[in-house]
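Here the structure comes first, spelled out in structure tokens, and everything after it is commentary.
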Amino acid sequence: MNAEAGNELGLGLERRIGKRSAAPIEKHLGITTVGGLLNHFPRRYMNRGELTPISEVPLDEEVTLIARVVSSSTRAMRARRGSLTDVVISDDAAAPGTGMGGGTLKVSFFNGFRAKAELQPGRRAMFSGKVTRYGGALGLTNPDFQLLDEDPDTPGMDPEKLAAMPIPVYPATAKLTSWAIQKVIATLLETVDLDALPDPLPAEVTAREKFLAVADAYRLIHTPQNPADWQRARDRFRYQEALVLQAALARRRAQLAAEEATARRPAAEGLLTAFDRQLPFTLTAGQAAVGKTLAAELAQDSPMNRLLQGEVGSGKTIVALRAMLQVVDAGGQAALLAPTEVLAAQHFESIRRTLGPLSRDGLLGGLGPDAVQVTLLTGSMPTAARKQAMLDAASGTAGIVIGTHALLSDNVSFYDLGLIVVDEQHRFGVEQRDVLRSKASKPPHLLVMTATPIPRTVAMTVFGDLETSVLDELPAGRAPITTHVVGLAEHPAWAPRIWTRSREEIDAGHQVYIVCPKIGSDDDGDFSPGEAEPTDLNGDSGARELASVTAVVDQLRDEPALAGVPVAALHGRLDPVLKSGTMASFTANQTKLLVSTTVIEVGVDVHNATLMVILDADRFGISQLHQLRGRVGRGGLPGTCLLVTTLEPGHPSRRRLDAVAATTDGFELSQEDLKLRREGDILGASQSGGRSTLKLLRVLEHEDVIARARQDAWQIVGGDPSLGAHPVLAAAIDEYLNPEKEAFLERG
Ligand code: ADP
Ligand code: MG
């Protein structure tokens, strides 16, 4: 790479365009470098001939739109000095004045002398401002505007060419309009030697894909002459984004694979063989196949890094437990990391139960090598017990350590940590995986399990540093779950039937979960760590009283249909001892009806529970609802899930409920989920830690781009793991992984 050119992108903006132009860009966009501004791409392009459909203009957002002036009038203001110019603009060129319906917008200017002079009926202009609503009508107040009919910047230009020229629309702010940004970028394009800019794409890729050269791509993405120009430019930058991302993942994977791990070979006669002999069921074909893969990888002296995806209830825990036993047989320890205390305690109980005589706990130590000590370690344990657990982990007495993120704390250490299992990955990010790995003297093997099925491209993007296995069948004898949407808005009479329905289930000897979005009636942000707080998916927070655990428990006390039924409450704010007592009582079928928050979302396994009622279900996301209902129908008894909502049938948030009711196929649901959510939310959790978000790439839309870029990335990294021959790509990866650091270096 040419060092001069490399510096060009990191160069301070004012060095190229002067302080006066650079200052507002830094102030309003936070961009300080040449590269930063060159990469501030238009969000979209408008067509000069086109008028923006005003009915589609979003409220309360900064918008840039093109419209035609219908009428204009100016009057003196009464209360204070000055004048008020009201301009009505329309997207309906065919019938000006008549289309006063959704297609018009009232634009008001205070002392708008230029507006009065320029915005004559019939003129077309581009407006930029915040859309507000006054008494039902949409409006703009003092927006910035620019006439479009003659472009003062390009005098004498062929009018036909001009009409075809797309207008870039930049992500702008109230203080800095899109066309102000456009002007500064135009200046920048003239002062920078674009042809000397470094190109992260290898020449072969550019040639194969017939991509624009990097200089042309920058020119055309900012100043396209026709739509094909910006499309070609965008294709190139999108691919570049995908390649950088995939190369980052490929490099990480190569680095992980190059590390040396301790091989944990299966023992001829050990805990694992004894365990398999006592297993009360046969493994599904998928469990057996994945088990074989894991066994082989654990026996290697390079670390396993594997993602296990499996539908809720597909039996991932057994697969993980068998891997843990192989490691224990080989003299190592295994750690199981769970996202919540409830889930950690559940795993602890169920793993000890499943192991039966093969498990021992600290109190009964000394049973010999034919049993493994299983130890629970969570932050809320009494100090003495926690200290003992830490001691057992550090001394190697504990073969299997189960815990929450407390396992990540500095003072937890292991004697010989051979395998880390992370359950329900969606709560853990790459950084946390790394903290745990650092607890082993040699890199441990890693198994990440997720119950949220992930579309292929998301897996490639978010978990691209891991190999993937899938468990796609449920164990035989699993009963189906039926899901119904209970719309109280249209059927208020159904409310009491929820409780009689619960009573029927309990009278039949079964148990019931009631899930609420809140803990108390007067609280908002008091969800405990690990408890998923329902996000404000509907944007209506505060508009209605949501079901809370305490209010529902109070209500049920006086509910005749449930007279005499043992009811308990469970949520993250409960004292941990009370929490585990409550869970134990439900597991033992003493409590018949459990009112809880999403603490039961993942992993909780009570076979006798057959009905789940989710109140204000519209407050939860698709994957959360899918996870939640996976708690019923686990013991061969058919399960029922009622999604209760007070929203009107047509409400957009009810689409999520309908989607969940329509299918139990997790993969289908996650596709649906991606469509309904903003992508950032999905990548968010695992992309935290200062990584920039994706700009042009959409993981669902651009599957083929991601797949091709991945192949290229693997080839490049395969032949050149340190990227010594690809310094520009390496620099782009560093920038992607750590934009803050880069920005810091640029300033320094
Ligand atoms: P998940 O994949 O959701 O974590 P679990 O591992 O909790 O699922 O398994 C769900 C239930 O299925 C557990 O009670 C487990 O004992 C049982 N199970 C697992 N594998 C099998 C199998 N092959 N046959 C029958 N039951 C199984
Ligand atoms: Mg599980």
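Because only heavy atoms are used, hydrogens play no part in the values below, and waters and symmetry mates are left out as well, while side chains stay in. Counting starts at 1 for both ligands and their atoms, following the listed order.
By the criterion of a heavy-atom distance under 4.0 Å, both the backbone and the side chain of T317 are placed next to ligand 1. Under 4.0 angstrom from ligand 1, the non-hydrogen atoms of T282 all belong to its backbone. Contacts between M449 and ligand 1 below 4.0 angstrom, taking non-hydrogen atoms only, are absent altogether.
One distance of note links CZ of R306 with CG of L298; it measures 10.0 Å at 0.5 Å rounding. Going from atom CG of L447 over to atom CG of L337 covers 12.0 Å, rounded to the nearest 0.5 Å. Taking CD of E259 as the reference point, atom CG of D301 lies at 12.5 Å (rounded to 0.5 Å).
Listed by chain and residue number, R501, H510, T610 satisfy the side chain to side chain donor-acceptor pair (under 3.5 Å) test with E505 (two or more places apart in sequence, or in another chain). With sequence neighbours excluded, the residues that form a side chain to side chain donor-acceptor pair (under 3.5 Å) with T645 are D618.
For ligand 1, the atoms closer than 4.0 angstrom to any heavy atom of T284 are 23 (N). Each of the atoms 23 (N) of ligand 1 lies under 4.0 Å from some heavy atom of L283. The contact set between ligand 1 and H607, taken as ligand atoms under 4.0 Å from a residue heavy atom, comprises 14 (O).
Within the 4.5 Å cutoff, the side chain of L471 has heavy atoms near those of the K316 side chain.
Not a single heavy atom of G310 sits less than 4.0 Å from an atom of ligand 1.
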